[in-house]
Amino acid sequence: MNGKLWKAGQIALWMALASSAHADSGATIHVPEHIPDSYAQAGTRVAIAPGRALNLRCEGNGAQTVLLEAGSHADTTTWFKLQPLLAASAKVCSYDRAGYGFSDEGPLPRTLEAEVADLHALIQHANLRTPLVLVGHSRGSSIARLFAQRYPADIHGLVLVDPPAQDIASVAPEWARQEEQMNAQRFAFIRECDAGAEKHQLASPPPALARCVAGSNPLADAKVNAAIASYKYKPAFWRTLRSELEDNAAVYGRPVSPKETLGALPVIVLTASDTYADAPADVRQKLEAARNKTQAAILATTTHGEHVMVDHASHDIQLDRPEAVASAVTALLKQTTEATH
């Protein structure tokens with residue numbers, strides 16, 4: 001199937017599925033409004049190296065596998081609405097990256113390369129069936145792209161959920177300068193929290209460290225919030241966070257490489273309509289231009305790319321419009337099934 005026909009077919013399928021929240025059998029799928037209590041405990045801890053394990057949560061028993069890759073400093077709770085939508089037709093798994101959730105800390109620095117290496121080890125040691133569909137949100141979209149380049153035989157297709165703007169300085173130089181200044185303040189703050197965690201102060205923080213302890217997640221109950229807080233009291237979280245954000249500054253400070261190629265790999269890019277809704281109108285326009293430029297460059301890396309605008313969604317499309325992400329994934333799964341028959 002050539003690129004044009006594939007794209008036309010995918011768009012038709014998207015239109016048919018766009019408002020769907022049903023299993024193939026026609027049964028309505030319950031999408032939880034709050035994070036289930038099961039997230040207060042680890043799922044399955046998979047050993048990927050001596051003394052290191054990653055927390056994996058899988059649902060469904062379908063013949064195909066979908067793997068979910070979260071954004072910066074996010075854990076598996078970010079996927080609690082999406083997993084049930086996909087579990088009716090596929091085996092769908094999410095995991096905590098090293099240093100987050102119920103996963104052990106990984107070696108520093110936490111670069112894209114390090115996270116791709118962990119992901120590959122997880123797929124192997126968890127015996128996940130490949131090739132699979134990989135879904136990446138925000139930073140996770142960059143991990144997914146690099147993984148697809150390193151291990152093309154393991155991937156059927158990518159769904160990239162609102163990939164962030166790269167090389168903003170080329171479109172909005174003043175914003176980029178302000179972001180650099182904010183990063184300096186952010187890293188200083190993280191160092192203070194890390195020092196407090198080393199002294200076991202964050203569970204009952206002194207006033208100077210009160211900002212290190214975020215408020216409860218309104219989508220979770222006391223049990224889940226307590227579990228989330230407990231791992232954020234540990235130095236491993238703050239070391240990981242700082243390293244990942246430092247890598248973000250480097251990754252998103254440069255444009256998409258002209259050497260990046262995904263060949264004929266099917267790729268769907270989902271763009272949130274309201275990512276920059278809180279920005280002043282003139283700034284929002286520039287930020288959206290930078291994001292659109294980046295996402296166009298990503299789509300240019302494949303001959304089988306599709307772009308979908310998701311209305312009424314913030315950067316966290318998987319929470320605001322999980323059915324839109326599920327529809328894109330289902331489109332890839334159906335295309336893969338048709339290609340093998």
### Message
Between Arg110 and Glu246, does any side-chain N to carboxylate O distance fall below 4.0 Å?
### Response
no
### Message
Any heavy-atom pair between the side chains of Tyr276 and Val283 that's under 4.5 Å?
### Response
no
### Message
Taking Glu323's backbone N and O only, do any of them form a donor-acceptor pair with Ser327's side chain (distance below 3.5 Å, no angle check)?
### Response
yes
### Task
State, yes or no, whether a side-chain contact exists between Leu158 and Ile268 at a heavy-atom distance under 4.5 Å.
no
### Query
Side chains of Glu69 and Tyr95: do they bring a donor and an acceptor to under 3.5 Å?
yes
### Query
Would you say Val135 and Val329 make side-chain contact, with heavy atoms under 4.5 Å?
yes
### Message
As a quick check of understanding, evaluate side-chain contact (heavy atoms from CB on, under 4.5 Å) for Arg145 and Val256, giving each step before the final call.
### Response
CA-CA 11 Å; Arg145 285 159 49 201; Val256 175; 3.9 Å; yes
### Test item: side-chain donor near acceptor, Thr294 and Asp167, under 3.5 Å
no
### Message
If you apply the rule side-chain contact (heavy atoms from CB on, under 4.5 Å), what do you find for Glu244 with Asp247, and how did you get there?
### Response
CA-CA 5 Å; Glu244 190 171 85; Asp247 192 58; 5.7 Å; no
### Any donor-acceptor N or O pair under 3.5 Å, side chains Tyr231, Ser103
no
### Query
Roughly how far, to the nearest 0.5 Å, is the SG atom of Cys212 from the CG atom of Leu202?
5.5 Å
### Query
Does a sphere of radius 6.0 Å around CD in Glu33 hold more than 12 heavy atoms from other residues, nucleotides or ligands, not counting ones at 6.0 Å or beyond?
no
### Task
Would you indicate whether the side-chain heavy atoms of Val133 and Leu333 approach each other to under 4.5 Å?
yes
### Query
Is there a donor in the side chain of Thr78 and an acceptor in the side chain of Gln318, or the other way round, less than 3.5 Å apart?
yes
### Charged N-O contact under 4.0 Å between Arg45 and Asp104
yes
### Task
Measure the CD1-CG distance between Ile48 and Leu54 for me, rounded to the nearest 0.5 Å.
4.0 Å
### Message
Between Thr301 (side chain only) and Ile298 (backbone N and O only), is there a donor and an acceptor less than 3.5 Å apart?
### Response
yes
#### Entry: pair Phe187-Arg191: side-chain heavy atoms closer than 4.5 Å
yes
### Query
Thinking salt bridges, do Arg52 and Asp118 make one under a 4.0 Å N-O criterion?
yes
### Message
If you count heavy atoms of other groups shown closer than 6.0 angstrom to CG of Asp311, is the number above 12?
### Response
yes
#### Entry: Arg239/Glu198 salt bridge by N-O under 4.0 Å criterion
yes
#### Entry: Side-chain H-bond candidate by donor/acceptor type, Tyr100 with Glu105, under 3.5 Å
no
#### Entry: More than 12 heavy atoms from other groups under 6.0 Å of CD on Glu180
no
### Task
Answer yes if Leu270 and Leu86 sit in the same cluster of Ile, Leu, Val, Met, Phe, Trp and Tyr residues linked by side chain heavy atoms under 4.5 Å apart, and no otherwise.
yes
### Message
Could you check whether Ser138 and His315, counting side-chain N and O atoms only, form a donor-acceptor pair closer than 3.5 Å?
### Response
yes
### Task
Indicate yes or no for a side-chain donor-acceptor contact from Asp194 to the backbone of Trp238 under 3.5 Å, with no hydrogens or angles considered.
no
### Message
If you apply the rule side-chain contact (heavy atoms from CB on, under 4.5 Å), what do you find for Leu128 with Cys93, and how did you get there?
### Response
CA-CA 9 Å; Leu128 297 182; Cys93 301; 4.0 Å; yes
### Query
Can you get from Val251 to Ile190 by hopping between Ile, Leu, Val, Met, Phe, Trp and Tyr side chains that sit under 4.5 Å apart?
no
### Query
Is it true that a side-chain atom of Ser230 and a backbone atom of Ala227 form a donor plus acceptor pair closer than 3.5 Å?
yes
### Message
Heavy-atom count check: over 12 atoms from other residues, nucleotides or ligands less than 6.0 Å from Gln178 CD?
### Response
yes
### Task
State whether Glu288 and Lys286 are salt-bridged, where the test is any N-O pair (Lys NZ or Arg NE/NH1/NH2 against Asp/Glu carboxylate O) under 4.0 Å.
no
### Message
Side chains of Pro84 and His30, heavy atoms from C-beta outward: is any pair under 4.5 Å?
### Response
no
### Query
Okay, side chain of Arg97, backbone of Ala70: is any donor-acceptor separation there less than 3.5 Å?
yes
### Query
Under 6.0 Å from the CG atom of Asp282, do we count more than 12 heavy atoms belonging to anything else shown?
yes
#### Entry: Heavy-atom side-chain contact between Thr111 and Glu115 under 4.5 Å
no
### Query
Any donor-acceptor pair under 3.5 Å linking the side chain of Glu59 with the backbone of Ala87?
no
### Short side-chain to backbone donor-acceptor contact, Asp221 and Val224, under 3.5 Å
yes
### Query
Sub-3.5 Å donor-acceptor pair from the side chain of Thr130 to the main-chain atoms of Leu132, do we have one?
no
### Task
Could you state whether Leu241 and Leu108 fall into the same hydrophobic cluster, counting links through intermediate Ile, Leu, Val, Met, Phe, Trp or Tyr residues with side-chain heavy atoms under 4.5 angstrom apart?
no
### Task
Kindly determine whether Thr77 and Asn217 satisfy side-chain hydrogen bond (donor to acceptor under 3.5 Å, both in side chains), including the steps that lead there.
CA-CA 10 Å; Thr77 58; Asn217 185 338; 5.2 Å; no
### Query
side-chain hydrogen bond (donor to acceptor under 3.5 Å, both in side chains) between Ser314 and Asp320: does it pass, once the steps are laid out?
CA-CA 7 Å; Ser314 71; Asp320 296 337; 2.5 Å; yes
### Query
Using a distance-only test with no angle check, is there a side-chain donor-acceptor pair under 3.5 angstrom linking His312 and Ser273?
no
### Task
With Val267 as reference, evaluate Leu160, Ile155, Val159 under the side-chain contact (heavy atoms from CB on, under 4.5 Å) test and give the passing residue.
Leu160
### Query
Is the closest basic N to carboxylate O distance between Arg321 and Asp316 below 4.0 Å?
no
### Query
When you measure from the side chain of Lys81 to the backbone N and O of Leu319, does any donor-acceptor pair fall under 3.5 Å?
yes
### Task
May I ask you to check if Arg57 and Phe102 form a cation-pi contact, with NZ or CZ under 6.0 angstrom from the six-membered ring centre and within 45° of the axis?
no
### Query
Taking the inter-plane angle between the rings of Phe147 and His120 on a 0 to 90° scale, is it parallel (under 30°), tilted (30 to 60°) or perpendicular (over 60°)?
tilted
### Task
Might you work through the side-chain contact (heavy atoms from CB on, under 4.5 Å) test for Val269 and Glu306, ending with a clear yes or no?
CA-CA 6 Å; Val269 171; Glu306 179 185 351; over 6 Å; no
### Query
At what distance, to the nearest 0.5 angstrom, does CZ of Arg129 lie from CG of Leu67?
15.0 Å
#### Entry: 4.5 Å side-chain heavy-atom contact, Ile168 and Tyr252
no
### Arg284/Asp278 ion pair, N-O < 4.0 Å
no
### Message
Does either side chain, that of Thr275 or that of Asp162, offer a donor lying less than 3.5 Å from an acceptor on the other one?
### Response
yes
### Query
Does Lys259 offer a backbone N or O that forms a donor-acceptor pair with the side chain of Ser257 under 3.5 Å?
yes
